[in-house]
K.L.:
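Handing you a structure now.
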Amino acid sequence: MGWLGRDVISVLDFSREDLEALFSEADRARRGELAGALEGYIVALAFFEPSTRTRMSFESAAKRLGAETIGFTSEEATSVAKGESLHDTVKMLDSYADAIVIRHRFEGAATYAAEVAEHPVINGGDGRSRHPTQAFLDLYTVRDLFGSPEGLVYTILGDLRYARTAASLMEALTIYRPRKLYLVSPQLLRPRREHLDLLERSGVPFEVLGDVEEVIGETDVLYVVRVQKERFPDPQEYERVKGSYRVTPELLEKAKPTLKVLHPLPRVDEIDPRVDSTPHAAYFHQASLGVPLRMALLKLILKG
Amino acid sequence: MAEGSGSKLLVSKIREGTVIDHIPAGRALVVLRLLNPPGDARVAIVMNAESRKLGRKDIVKVEGVILSPEQTAAVALVAPKATINIIRDYVVVEKRKASPPTVVEGILRCTNPTCITRKPGEPVKPRFKLVKEEPVTLQCTYCGTIITQEEVVNQLYG
């Protein structure tokens, strides 16, 4: 189907061929072949919610492509603080820019923005729902480390209930054929029903469990997410689960030497800093690929 | 109209209106609420009648109300096996099979409090796609939340 002019709302809107095309384009970006490709374009970065990596990597990506960026980094700095609807803000941005990257705390905000805007909308994270560009980056990182995202054993550890990065990765893995997917979390943070339904329908072999030690020995990719404090409706629930899992060098002693630890970052305390210096740590490498991956995405959407 | 053993429950025929049969037992009042008949309409409700198809079933008869296609779709959300008979001049002129709509717009609200459709002041209507017919299971087009049959019934009754 190609990427030109498309909205990027959910990973599930894309085929394996689409993803392969994106990854090849990201390889080109890393070789410096996309420099200046979007000269004369303007990308709006509408971040209604705080962001460091996603916003800055989109900004850096746009600039490396030669495009200009406009936007804001919090609701306080906009008319939203005066009560403007998302509808009206998006309408305005649509007339100022060639594409809109949006992050919002309400789930479905990007879907709605895409209905309102004529220009392509890229979901930079909507509440606890989705974060497709992070999932593209995760798969691209795995491809970079293992040659292909296929045929591997994945363990996603942490807040599987509220972390949109975990949600989007589960969705993304239905496009490939993982050998096995382990979903490890405290009872309170088990995956939401829509994701378990999706995994069942897609035929990905998966298992939900509570202790990562049981599966660490067969895992190729350990994907860790933090407890999403800001999404808990009840702060007491957060207190009950915070700090309930932690990846340490001692845990990784039981792992295959080739196991890689990924994390969308920021981390709080779920990965011991001592892991950083082990050959398993791949999360900073993962973060560094964010710029070329997002360069590829912007370029494919705006110019094909 | 009640099928079954021994004593029969008699409800007089209606001249013009709608008879909805094969409603799952206990849901007649939800169906009636969806039909929203005018205050002076003659209404007959049969609950827990015996049925070969459902074991027990409810039936709703409403005089003076001819179901619109939208209402028929809404009824199908709570009574997916219902038969809808349109009566004119004491005769069934049309028999419709309930069939849940593939897209539901406006009737229900998303159960997720942080769905964009729940954001105050946002001009967006809730919209769901049908992911399963029996039992009816819907998914919010915006945030992906699954709405079960039970939640649908609760909302339409509440």
Side-chain angles (χ1 to χ4, degrees), chain A residues 7 9-13 48-49 75 79-91 102-116 121 123 125-132 161-162 164 167-168 170-171 191-198 200-201 228 230-234, chain B residues 24 30 70 73-74 76-78 80-81 99-158:
Chain A
D7 297 312
I9 306 302
S10 160
V11 176
L12 295 175
D13 299 334
F48 294 86
E49 242 196 358
E75 287 192 352
S79 299
V80 174
K82 301 173 192 158
E84 185 172 61
S85 66
L86 175 63
H87 172 274
D88 290 3
T89 309
V90 169
K91 269 273 179 221
I102 181 173
R103 169 170 290 192
H104 204 283
R105 72 187 173 86
F106 277 86
E107 289 89 33
T111 308
Y112 178 49
E115 287 177 3
V116 173
V121 169
N123 186 0
D126 60 330
R128 62 181 194 194
S129 185
R130 303 182 185 106
H131 195 348
R161 181 170 181 77
Y162 296 117
R164 59 193 171 202
S168 278
M170 285 184 244
E171 292 180 350
R192 297 199 298 277
R193 179 191 183 130
E194 62 258 33
H195 293 119
L196 297 177
D197 282 0
L198 172 74
E200 261 163 36
R201 283 200 306 274
Q228 310 284 303
E230 67 278 25
R231 314 240 178 259
F232 276 69
D234 177 357
Chain B
V30 190
E70 293 77 33
L77 290 176
V78 292
K81 288 201 164 91
S99 159
T102 50
V103 176
V104 179
E105 203 170 64
I107 311 171
L108 299 164
R109 75 172 194 168
C110 186
T111 53
N112 168 17
T114 50
C115 174
I116 189 67
T117 60
R118 300 275 301 268
K119 183 172 173 282
E122 208 59 63
V124 54
K125 264 195 200 163
R127 191 166 67 227
F128 304 88
K129 64 174 186 220
L130 183 75
V131 289
K132 203 166 152 196
E133 280 206 20
E134 187 73 49
V136 164
T137 308
L138 302 170
Q139 186 166 30
C140 174
T141 320
Y142 292 97
C143 75
T145 298
I146 300 276
I147 313 284
T148 60
Q149 172 87 75
E150 199 185 350
E151 282 157 351
V152 170
V153 171
N154 283 344
Q155 276 197 39
L156 294 176
Y157 195 51

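Quick note: numbers below take in every heavy atom, side chains included, and nothing from hydrogens, waters or symmetry partners. Letters go in sequence order (proteins before strands), and every chain restarts at 1.
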K.L.:
To check you understand the geometry: which heavy-atom pair defines the closest contact between Leu86(A) and Glu122(B), and what is its length?
P.N.:
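Heavy atoms only, the tightest pair is N-OE1, 2.8 Å.
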
K.L.:
Roughly how far, to the nearest 0.5 Å, is the OG1 atom of Thr111(A) from the CZ atom of Arg127(B)?
P.N.:
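Nearest 0.5 Å value for the CZ-OG1 distance: 9.0 Å.
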
K.L.:
Among His104(A), Arg201(A), His195(A), Glu115(A), single out the residue with the greatest number of heavy-atom pairs under 4.5 Å to chain B.
P.N.:
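Looking at each of His104(A), Arg201(A), His195(A), Glu115(A) in turn, Glu115(A) comes out on top.
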
K.L.:
Please check if the number of heavy atoms outside Arg231(A) that lie under 6.0 Å from its CZ is greater than 12.
P.N.:
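It does: Arg231(A) CZ has more than 12 such atoms within range.
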
K.L.:
Checking heavy atoms, do the side chain of Arg128(A), its backbone, both or neither come under 4.5 Å from chain B?
P.N.:
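Just the side chain, heavy atoms under 4.5 Å.
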
K.L.:
Looking at every heavy atom in both Ser85(A) and Lys119(B), which two are closest together, and how far apart are they?
P.N.:
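Closest heavy-atom pair between Ser85(A) and Lys119(B): CA-NZ, 4.4 Å.
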
K.L.:
Sort by residue number and list every residue of residues 134-145 of chain B having at least one heavy atom under 4.5 Å from chain A.
P.N.:
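Residues in range: Gln139(B), Thr141(B), Tyr142(B), Cys143(B), Gly144(B), Thr145(B).
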
K.L.:
Going from CD1 on Ile146(B) to CZ on Arg192(A), what distance comes out if it is rounded to the nearest 0.5 angstrom?
P.N.:
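With rounding to 0.5 Å, CD1 (Ile146(B)) is 10.5 Å from CZ (Arg192(A)).
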
K.L.:
Tell me which of these, Asn112(B), Ile116(B), Val131(B), has more heavy-atom pairs under 4.5 Å with chain A than the rest.
P.N.:
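The option with the most such pairs is Ile116(B).
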
K.L.:
Would you check if Cys115(B) and Tyr112(A) make a side-chain contact, meaning some heavy-atom pair closer than 4.5 Å?
P.N.:
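Answer no - side chains too far apart.
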
